*Asks:* 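Below is the structure I would like to discuss, written out as structure tokens.
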Amino acid sequence: MTVVASPAVSTRGGPSWLAAPLLTLLAFWTARLLADPARGCFLDSVNLPFHEAGHLFLAPFGSTLQYLGGTLGQLAVPILLAGYFLLVGPTRPLGAAVCAWWVGENLLNISVYMADARDLALPLVGGGDHDWNELFYRFGLLGEDSVRAISTRTRGLGALVMLLGLAWVTLFALPARIRGTMIASVEERAPGLMFLIRGTIED
């Protein structure tokens with residue numbers, strides 16, 4: 001059976017000692033990336049293999065999906081990991097919160113790639129085609145205004161998701177008493193959101 005931990009009991013959301021260092025690291029990178037997304041992040045080296053794998057995975061489904069596959073690949077990994085941490089017991093909401101932040105970081109990275117669709121200034125792996133130059137061209141969106149609008153909106157969405165992920169991680173870094181009070185409040189007012197805060201203990 002599955003027993004939900006009470007606020008007084010240590011939860012499986014993640015080790016409490018890990019939340020504060022993670023929060024510090026993610027807050028630093030959030031500030032740095034929001035100030036200048038083009039500076040990149042240490043996670044970009046992690047995102048790259050998933051990006052390239054996305055191209056390979058979707059290659060059999062036509063060239064348009066193959067070009068889009070890189071973007072989908074680097075987004076799919078943190079989204080699937082977040083789902084795993086939330087849905088597969090014992091659940092780990094802290095891990096899901098970090099993955100949510102990672103999705104936002106990926107969106108900022110993608111927005112930089114989109115914004116380069118006309119200038120073609122970014123170095124590409126293997127010197128291949130520029131995904132977003134090709135995609136925008138195919139859909140008639142390679143005009144300066146269209147590229148700017150789409151890349152700007154993607155950047156804004158990425159910033160929002162990063163900040164939401166950061167707020168989610170912050171919850172786990174709060175002192176136990178404050179966190180317990182907040183958990184009790186959420187449980188009373190919005191019990192459907194409890195899976196975002198508190199893990200389960202498989203028995």
Side-chain angles (χ1 to χ4, degrees), residues 14 18-55 66-82 85 93-174 196:
L18 188 57
L22 278 173
L23 178 61
T24 301
L25 177 66
L26 297 185
F28 168 79
W29 281 106
T30 299
R32 181 181 172 120
L33 288 170
L34 292 184
D36 183 9
R39 294 180 70 178
C41 174
F42 71 98
L43 278 174
D44 292 340
S45 297
V46 178
N47 298 332
L48 182 59
F50 301 135
H51 179 100
E52 296 304 320
H55 287 309
Q66 181 180 7
Y67 280 115
L68 189 57
T71 293
L72 295 178
Q74 69 183 90
L75 288 172
V77 171
I79 290 172
L80 290 173
L81 278 175
F85 287 135
L94 175 58
V98 173
C99 287
W101 183 92
W102 186 8
V103 172
E105 185 274 333
N106 264 298
L107 286 167
L108 253 68
N109 176 262
I110 292 163
S111 76
V112 172
Y113 196 10
M114 287 176 167
D116 185 61
R118 288 173 57 87
D119 297 335
L120 306 179
L122 292 175
L124 302 179
V125 174
D129 295 334
H130 192 296
D131 299 343
W132 284 101
N133 173 272
E134 183 65 33
L135 288 166
F136 284 147
Y137 175 76
R138 291 187 180 202
F139 290 102
L141 298 170
L142 196 54
E144 184 176 354
D145 290 342
S146 297
V147 170
R148 183 187 303 113
I150 296 171
S151 62
T152 298
R153 288 172 185 169
T154 302
R155 176 180 177 177
L157 177 61
L160 176 62
V161 174
M162 285 177 71
L163 290 172
L164 289 173
L166 192 65
W168 193 359
V169 172
T170 299
L171 179 63
F172 298 99
L174 292 172
L196 297 175

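Keep in mind it's a predicted model, so treat the numbers as computed, not measured. All residue numbers in this chain count up from 1 along the given sequence. The analysis underlying the following values was restricted to heavy atoms, covering all of them including side chains, and did not include hydrogens, waters or symmetry mates.
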*Asks:* Taking Gln74's backbone N and O only, do any of them form a donor-acceptor pair with Asn47's side chain (distance below 3.5 Å, no angle check)?
*Replies:*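 Judged by distance alone, no pair lies under 3.5 Å.
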*Asks:* I'd like to check the salt bridge (charged side-chain N to carboxylate O under 4.0 Å, His left out) partners of Arg138; sequence neighbours left out, ordered by chain and number.
*Replies:*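 Only Glu134 meet the salt bridge (charged side-chain N to carboxylate O under 4.0 Å, His left out) criterion with Arg138.
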*Asks:* Test your reading of the model: is there a side-chain donor-acceptor pair from Trp29 to the backbone of Phe42, 3.5 Å cut-off?
*Replies:* no
*Asks:* Could you report the tightest heavy-atom contact between Asn109 and Asp44, atom names first, then the distance?
*Replies:*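 So the minimum-distance heavy-atom pair works out to ND2-OD1, 3.3 Å.
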*Asks:* Step by step, work out the side chain to side chain contact (heavy atoms under 4.5 Å, CB included) result for Val98 and Leu81.
*Replies:* CA-CA 10 Å; Val98 173; Leu81 278 175; over 6 Å; no
*Asks:* Residues in side-chain contact (heavy atoms from CB on, under 4.5 Å) with Ser151, at least two apart?
*Replies:*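 side-chain contact (heavy atoms from CB on, under 4.5 Å) list for Ser151, sorted by chain: Met114, Ala115.
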*Asks:* What residues form a salt bridge (charged side-chain N to carboxylate O under 4.0 Å, His left out) with Asp145, not counting sequence neighbours?
*Replies:*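 Here the qualifying residues are Arg148.
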*Asks:* If the condition is side-chain contact (heavy atoms from CB on, under 4.5 Å), which residues does Leu142 pass it with, not counting sequence neighbours?
*Replies:*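 side-chain contact (heavy atoms from CB on, under 4.5 Å) check on Leu142 returns Ala117, Arg118, Asn133, Phe136, Tyr137, Val147.
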*Asks:* Without swapping roles, check the side chain of Tyr113 against the backbone of Thr71 for a donor-acceptor pair under 3.5 Å.
*Replies:* no
*Asks:* Run the side chain to side chain contact (heavy atoms under 4.5 Å, CB included) check on Leu108 and Leu34 step by step: do they pass?
*Replies:* CA-CA 8 Å; Leu108 253 68; Leu34 292 184; 4.2 Å; yes
*Asks:* Quick one: list whatever passes side-chain contact (heavy atoms from CB on, under 4.5 Å) with Ala82, sequence neighbours left out.
*Replies:*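 Scan of Ala82 (side-chain contact (heavy atoms from CB on, under 4.5 Å), adjacent residues dropped) gives Ala96, Cys99.
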*Asks:* Short question: side chain of Asp119, backbone of Asp116 - any donor-acceptor pair under 3.5 Å?
*Replies:*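 Looks like no, no N/O pair under 3.5 Å.
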*Asks:* Apply salt bridge (charged side-chain N to carboxylate O under 4.0 Å, His left out) to Glu52 and list each qualifying residue two or more places apart in sequence or on a separate chain.
*Replies:* none
